[in-house]
Amino acid sequence: MMVESVMLSQFRNYESLQLAFHPGINLILGENAQGKTNLLEALYLCAALRSFRTRRDSEFIRFGASQGYLKMNLVTTQGDDKNHHQMEMMFRPDQKKRVKRNGISQQRISDVMGTFKAVLFSPEDLKIVKDSPSERRQFMDSEMVQVSPRYYHTLLQYQKIMKQRNQLLKNNNPKEEEISIWDNQLSEFGARLMKQRHQFLMEIEKWAKEIHHSLTGKKEELAIHYQPGLLLPPEWPEKTPEELTEIMEKLLEKNRRADLYRQTTGKGPHRDDLAFTINRMDVRQYGSQGQKRTVVLSLKLAVMEWMKEMTGEYPVLLLDDVTSELDEGRQRDLLEYLKPVQTIITATHTLPGMEDPHRGRLYFVEKGMVKLSKEV
Ligand SMILES: Nc1ncnc2c1ncn2[C@@H]1O[C@H](COP(=O)(O)OP(=O)(O)OP(=O)(O)O)[C@@H](O)[C@H]1O
């Protein structure tokens with residue numbers, strides 16, 4: 001997968017920008033607050049259909065402008081076939097963003113999801129290890145929805161049903177039969193969600209272990225532990241979705257009194273969490289800043305490998321201001337590792353190895369204007 005070009009008009013601090021990308025490393029250099037992250041945000045929007053910084057689409061519109069616009073041309077490769085696609089987004093104040101794919105307006109996000117696939121690693125991602133379980137669920141969801149429309153559908157259904165169940169719990173004296181109808185549906189989608197998350201984590205753990213091992217000079221053994229948001233028997237991963245549905249339904253019934261009291265659904269995959277261990281030590285609790293950062297980098301690179309396995313091609317990698325945290329040796333190793341992947345990196349300083357003219361291209365950003373350096 002490759003981004004060929006992007007065009008921005010009245011997007012964040014860009015009045016107008018037209019930029020072509022190199023298939024290798026694209027290093028975007030600039031001082032603070034010049035527009036480096038804004039550019040990555042535009043690219044990421046085309047993959048996740050939402051920003052990693054805000055939920056309000058109106059923030060994308062340049063101050064003082066009446067609307068914002070972005071267009072991306074990308075190419076996907078399947079065997080010997082290359083396919084060109086175009087994504088467009090229009091932003092107006094107080095309106096939902098309008099999305100077009102290949103010139104055709106798209107009503108449903110699920111129809112465009114997955115056209116462009118990208119993995120982003122930004123300093124904010126440290127939250128995955130440091131902050132609350134919702135960050136870790138968000139990590140699973142945002143990576144999985146890009147590749148699996150089935151997962152996206154399951155997640156939306158689960159959230160919808162839970163909202164309705166919670167609504168009912170808030171009523172005065174809701175009928176038991178009514179609650180059990182929602183329990184049945186919630187369990188069906190909850191079981192699917194847990195199965196799919198478990199599968200995803202097993203697959204990325206395989207890659208993350210290997211990557212983390214090599215990033216730490218073979219000193220650290222990383223493991224990922226899925227912690228479902230309800231108490232399941234240890235052998236639950238071997239259960240069929242139907243058996244798991246039954247188990248979850250029984251647990252919901254057992255918790256009904258507490259749910260009625262709290263007027264909300266207390267247990268289920270909406271409470272899932274993940275634990276990361278290094279040599280059996282819980283990184284969330286005891287890991288150093290550097291260890292946490294390396295865990296997230298290993299996770300993100302693992303997701304990239306997982307997407308390659310699932311779809312047959314690498315996603316585009318977006319690295320926002322994270323290379324300066326690595327020493328020169330690690331920066332070199334990382335660029336070497338990323339050879340087959342189109343990568344767009346923002347940084348304040350150049351990276352070692354970028355002297356190689358086949359490696360990529362250097363750009364300079366200043367006040368929302370991008371100057372292209374000679375091919376480096
Ligand atoms: N809607 C908007 N209209 C105009 N300017 C905006 C808008 N949103 C953000 N900005 C401006 O964009 C700039 C920040 O750009 P960005 O976050 O891309 O910085 P950066 O180059 O990544 O800097 P750093 O290295 O500090 O992370 C700020 O000056 C901010 O005021």
Side-chain angles (χ1 to χ4, degrees), residues 1-3 40-41 43-52 72 74-79 81-87 89 99 101-102 106 108-122 125 128 134-159 189-211 224 226 237 241 269-270 272 274 296-320 337-338 340-344:
M1 175 142 315
M2 199 187 103
V3 187
L40 278 200
E41 186 180 35
L43 300 175
Y44 185 75
L45 255 169
C46 293
L49 283 299
R50 50 177 277 187
S51 166
F52 53 93
M72 175 198 274
L74 63 125
V75 52
T76 58
T77 308
Q78 285 302 328
D81 291 340
K82 287 206 183 307
N83 288 303
H84 293 264
H85 298 278
Q86 190 175 75
M87 297 277 286
M89 283 186 206
V99 181
R101 185 179 53 187
N102 302 331
Q106 305 288 321
R108 290 192 314 196
I109 294 286
S110 55
D111 293 342
V112 246
M113 194 72 90
T115 307
F116 173 56
K117 296 181 190 68
V119 172
L120 168 84
F121 179 29
S122 84
D125 286 318
I128 298 171
S134 66
E135 297 293 338
R136 292 180 275 283
R137 292 193 294 271
Q138 175 65 35
F139 157 70
M140 291 191 276
D141 294 345
S142 61
E143 310 297 1
M144 290 174 77
V145 296
Q146 288 192 54
V147 168
S148 171
R150 190 166 67 105
Y151 183 78
Y152 186 60
H153 173 76
T154 311
L155 184 66
L156 286 189
Q157 286 300 109
Y158 182 82
Q159 288 168 345
F189 287 97
R192 286 190 213 170
L193 210 55
M194 290 187 286
K195 279 280 207 195
Q196 290 173 41
R197 283 180 177 171
H198 180 254
Q199 182 70 25
F200 164 72
L201 292 169
M202 279 203 320
E203 283 165 25
I204 65 157
E205 189 191 41
K206 181 180 76 187
W207 295 105
K209 258 185 199 305
E210 206 177 294
I211 294 165
I224 306 174
Y226 180 35
H270 58 289
D272 279 357
L274 302 178
V296 181
L297 179 59
S298 305
L299 280 180
K300 292 288 175 163
L301 297 178
V303 169
M304 203 178 77
E305 297 292 347
W306 171 75
M307 284 191 183
K308 161 89 172 17
E309 202 166 75
M310 297 292 286
T311 66
E313 64 176 339
Y314 278 112
V316 173
L317 184 65
L318 309 173
L319 298 179
D320 187 21
Y337 182 83
L338 294 176
V341 184
Q342 187 189 35
T343 307
I344 301 166

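This chain uses plain numbering: 1 for the first residue, then up along the sequence. For clarity, every value in this text was computed on a predicted model and none was experimentally measured. Just so you know, these numbers use all the heavy atoms, side chains as well, and skip hydrogens, waters and symmetry mates.
For the residue pair Ala191 and Pro241, the shortest heavy atom distance occurs at CB-O, 3.8 Å. Here the closest heavy-atom approach between residue Pro149 and residue Val147 is recorded as CD-O, 3.4 Å. In plain terms, the two heavy atoms of Pro315 and Val341 that are nearest each other are O-CG1, 3.5 Å. Taking both residues in full, the closest heavy atoms of Ala208 and Ala302 are given as N-CB, 3.5 Å, listed atom of the first, atom of the second, then distance. Across all non-hydrogen atoms, the minimal contact from Pro237 to Lys195 is O-NZ, 2.9 Å.
A 4.5 Å side-chain heavy-atom check between Ile211 and Tyr337 finds at least one atom pair inside the cut-off. Using a 4.5 Å heavy-atom cutoff, the side chains of Tyr151 and Leu193 are in contact. Under the 4.5 Å side-chain criterion, counting only non-hydrogen atoms from C-beta, Asp125 is not in contact with Phe52. At least one side-chain heavy atom of Leu155 sits under 4.5 Å from a side-chain heavy atom of Arg197. Between Ser122 and Tyr44 there is no side-chain heavy-atom pair separated by less than 4.5 Å. Looking at Arg192 and Phe189, their side chains come closer than 4.5 Å, going by heavy atoms from C-beta outward. When side chains are defined from C-beta on, Ile224 does not count as touching Lys209, because their heavy atoms never get closer than 4.5 Å. Contact check for Leu301 versus Leu317: side-chain heavy atoms found under the 4.5 Å cut-off.
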**Report entry** Step-by-step side-chain contact (heavy atoms from CB on, under 4.5 Å) determination, Lys300 to Ile128
**Finding:** CA-CA 11 Å; Lys300 292 288 175 163; Ile128 298 171; 4.1 Å; yes
Report task. Kindly determine whether His85 and Phe116 satisfy side-chain contact (heavy atoms from CB on, under 4.5 Å), including the steps that lead there. Result -> CA-CA 9 Å; His85 298 278; Phe116 173 56; over 6 Å; no
Requested in this report: Determine, stepwise, if the pair Ile109 / Tyr152 fulfils side-chain contact (heavy atoms from CB on, under 4.5 Å).
Outcome: CA-CA 10 Å; Ile109 294 286; Tyr152 186 60; 3.5 Å; yes
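Note that the CG atom of Leu40 and the OG atom of Ser51 stand 11.0 Å from one another [nearest 0.5 Å]. The distance from atom CG of Leu274 to atom OH of Tyr226, rounded to the nearest 0.5 Å, is 8.0 Å. In this structure, the separation between CG on Leu299 and CH2 on Trp306 is 13.0 Å, given to the nearest 0.5 Å. Going from atom CE of Met307 over to atom CH2 of Trp207 covers 14.0 Å, rounded to the nearest 0.5 Å. Between Glu309 atom CD and Tyr314 atom OH the span is 10.0 Å, to the nearest 0.5 Å. Put simply, OG1 on Thr343 and CE on Met304 are 7.0 Å apart, with the number rounded to the nearest 0.5 Å.
A donor-acceptor contact shorter than 3.5 Å links the side chain of Gln78 to the backbone of Thr311. Lys82 places no side-chain N or O within 3.5 Å of a backbone atom of Thr76 that could act as its donor or acceptor partner. Under a 3.5 Å cut-off, the side chain of Lys206 and the backbone N or O of Glu203 do not form any donor-acceptor pair. Proximity of a side-chain donor or acceptor of Gln342 to a complementary backbone N or O of Val316 within less than 3.5 Å is not detected. Judged by distance alone, with hydrogens and angles left aside, the side-chain atoms of Arg101 form no donor-acceptor pair with the main-chain N or O of Gln106 at under 3.5 Å. Within the 3.5 Å criterion, the main-chain N or O of Ala118 finds a donor-acceptor partner in the side chain of Gln146. Of the possible donor and acceptor atoms, none in the side chain of Ser148 sits under 3.5 Å from a partner among the backbone N and O of Met144.
Enclosure of atom CD in Glu210 is not indicated, since only 12 or fewer non-hydrogen atoms of other residues, nucleotides or ligands lie within 6.0 angstrom.
Cation-pi contact between Arg136 and Phe139: absent, since separation from the ring centre below 6.0 Å together with deviation from the ring axis within 45° is not met.
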